[in-house]
Amino acid sequence: MAVMDTLRLPSLAHERLADAVQAVMTSDPRRAQWLAEGAAASAAHGAEDLAARRFQTVLELGYLVASADGFAASEREQLARLLASMTGAALPPAVLEQHFRDLDQAVALLGRRERLARVAADIEGPEAAADAITVAALIAFADGELAAPELSALYELGAFVGLSDERVRALANGLADRLRRHMEATP
Amino acid sequence: MTYINHLAREINCKIVYYGPGLCGKTTNLQYVFEASKPDAKGKMISLATDTDRTLFFDFLPLELGSVRGFKVRFHLYTVPGQVFYDASRKLVLRGADGVIFVADSQPSRSEANIESVENLGTNLADSGQELGVVPYVIQYNKRDMPDVVPIETLRAQLNPLGVPEFEAAAKSGVGVFETLKGLSRLVLKRIDGLPV
């Protein structure tokens with residue numbers, strides 16, 4: 001049975017939290033590279049190449065997890081700035097905020113669980129699955145916590161991509177620890 | 001309720017296959033899925049709900065080209081099999097940009113067809129939509145079966161609005177794409193005026 005409590009980060013200024021999320025997100029050079037390449041390809045070609053599609057897939061999964069407990073205007077704005085920064089400003093915050101509004105429509109039209117299942121179906125292989133969970137969890141952590149509904153959405157995503165609740169929880173716990181360590185180490 | 005994905009440069013439309021149990025909705029969906037180009041479609045998803053399951057997939061009909069620089073992605077949905085729970089049918093209709101009513105041409109299914117088309121009107125009205133305002137076509141399926149109901153009778157029973165109608169034998173693919181194209185034309189006409 002999956003544990004559904006909230007994983008909270010220390011309450012610090014938003015800038016320090018954003019720094020920590022960006023640092024952990026880009027600590028894996030391979031992930032940092034495909035995120036940046038995907039954002040640049042999305043800006044240039046829409047969804048016409050693999051890098052763009054991979055980026056947009058993971059971005060939507062992040063949105064679906066992060067918005068599971070609501071998605072306030074301030075949270076959208078902060079997240080758009082953070083994503084723009086970690087992808088080398090290939091996509092300006094305004095474009096990302098527009099994208100979140102488009103994804104709101106997608107959920108209203110097609111259903112949240114249906115979108116989660118559909119987008120997760122594009123994730124292939126255990127490495128891509130762990131990457132997707134990691135990016136989605138970090139996007140959700142950008143407001144300072146991984147709330148129970150977000151964790152629940154993460155477990156559901158895990159089920160769709162073939163990762164057990166225990167594995168998803170271990171990934172989330174590991175990310176929370178790394179974020180806390182980064183925040184403690186950074187003045 | 002079309003939505004535009006500005007980042008992907010795609011207009012997204014939801015099309016729902018509706019009709020009585022075992023009329024061929026899933027067969028239609030599977031035929032379109034199998035005939036679509038692999039690089040232009042997503043995976044077929046069968047998603048269990050509390051009471052039954054929803055079947056859907058999306059694809060880019062490349063031959064449609066684009067609408068003012070945006071590609072059009074169709075999301076095809078149905079609630080397959082014998083659906084006893086009206087809530088599922090209501091949910092799948094939510095946000096539909098177009099509806100294909102699949103009728104079963106066998107005489108024994110006449111009552112089920114009528115009940116289902118009435119239920120479609122009721123459920124659309126409940127979600128603030130109206131048959132005929134929402135792009136809508138009818139497919140008379142299973143025309144390859146022996147002793148089918150004449151088209152004139154089906155028309156009188158099921159198509160008082162005079163919407164476009166198509167004969168089909170979905171199992172062998174006959175009429176499947178003609179039906180979808182018939183609806184697509186209506187959906188595209190409706191979205192052509194959208195601000196992008």
Side-chain angles (χ1 to χ4, degrees), chain A residues 38-60 62-63 80 83-84 87 90-124 156-157 159-162, chain B residues 1-16 33 38-50 53-60 62 66 69-79 87-88 90-98 127-129 134 187 191 194 196:
Chain A
S42 295
H45 311 298
E48 281 190 359
D49 69 40
L50 274 177
R53 284 203 292 274
R54 183 179 187 191
F55 173 76
Q56 289 171 38
T57 293
V58 172
L59 184 59
E60 184 166 356
Y63 161 88
L83 287 165
T87 52
L91 292 169
V95 170
L96 288 158
E97 283 192 67
Q98 173 63 57
H99 191 54
F100 295 149
R101 287 193 291 275
D102 292 345
L103 295 178
D104 293 340
Q105 291 290 308
V107 165
L109 176 71
L110 303 168
R112 174 175 292 278
R113 201 161 161 254
E114 286 79 358
R115 281 314 292 164
L116 198 60
R118 164 63 187 91
V119 185
D122 285 342
I123 304 290
E124 285 175 352
E156 193 161 27
L157 169 58
F160 286 135
V161 298
Chain B
M1 202 187 117
T2 302
Y3 85 90
I4 297 165
N5 184 333
H6 293 83
L7 192 57
R9 291 173 204 159
E10 288 175 357
I11 296 175
N12 291 265
C13 303
K14 180 181 185 180
I15 288 174
V16 176
F33 179 76
D39 55 349
K41 67 182 174 187
K43 292 195 176 82
M44 176 78 86
I45 310 282
S46 175
L47 190 63
T49 65
D50 289 341
R53 67 197 170 95
T54 308
L55 195 69
F56 58 95
F57 81 100
D58 56 86
F59 75 118
L60 284 164
L62 300 174
S66 60
F70 285 71
K71 289 183 177 167
V72 182
R73 182 177 291 276
F74 284 122
H75 299 255
L76 270 45
Y77 275 64
T78 194
V79 181
S88 302
K90 277 187 185 171
L91 268 181
V92 86
L93 278 176
R94 184 184 58 185
D97 292 292
S127 63
Q129 303 192 82
V134 173
V187 171
I191 66 174
L194 276 179
V196 291

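Proteins get letters first, then strands, A, B, ... in listed order; numbering begins at 1 in each.
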(request) Taking only Lys NZ, Arg NE, NH1 and NH2, and the carboxylate oxygens of Asp or Glu, determine whether A:Glu156 and A:Arg112 approach each other closer than 4.0 Å. (result) no

(message) Restricting to salt bridge (charged side-chain N to carboxylate O under 4.0 Å, His left out), what partner residues turn up for A:Asp122, sequence neighbours left out?
(response) A:Arg118

(request) For B:Leu91, check side chain to side chain contact (heavy atoms under 4.5 Å, CB included) against everything at least two apart and list the hits. (result) B:Arg94

(request) Could you verify whether a donor N or O on one side chain and an acceptor N or O on the other, from A:Asp104 and B:Tyr3, lie under 3.5 Å apart? (result) no

(request) Name the region of B:Tyr77, side chain, backbone, both or neither, that has any atom closer than 4.5 Å to a heavy atom of chain A. (result) side chain

(message) Taking side chain as everything from C-beta outward and backbone as N, CA, C, O, which of these in B:Leu7 sits under 4.5 Å from a heavy atom of chain A? Side chain, backbone, both or neither.
(response) both

Chain B heavy atoms under 4.5 Å from [X]: which part of the residue, side chain, backbone, both or neither?
X        : result
A:Leu96  : neither
A:Ala43  : backbone
A:Arg113 : both
A:Glu48  : side chain
A:Ala39  : neither

(request) Find the one option among A:Gln98, A:Glu114, A:Gln105 whose heavy-atom pairs under 4.5 Å with chain B are most numerous. (result) A:Glu114

(request) Establish, yes or no, whether the cationic atom of B:Lys41 lies under 6.0 Å from the six-membered ring centre of B:Phe33 and within 45° of the ring axis. (result) yes

(message) To the closest 0.5 Å, what do you measure between CG (B:Asp58) and NZ (B:Lys43)?
(response) 11.0 Å

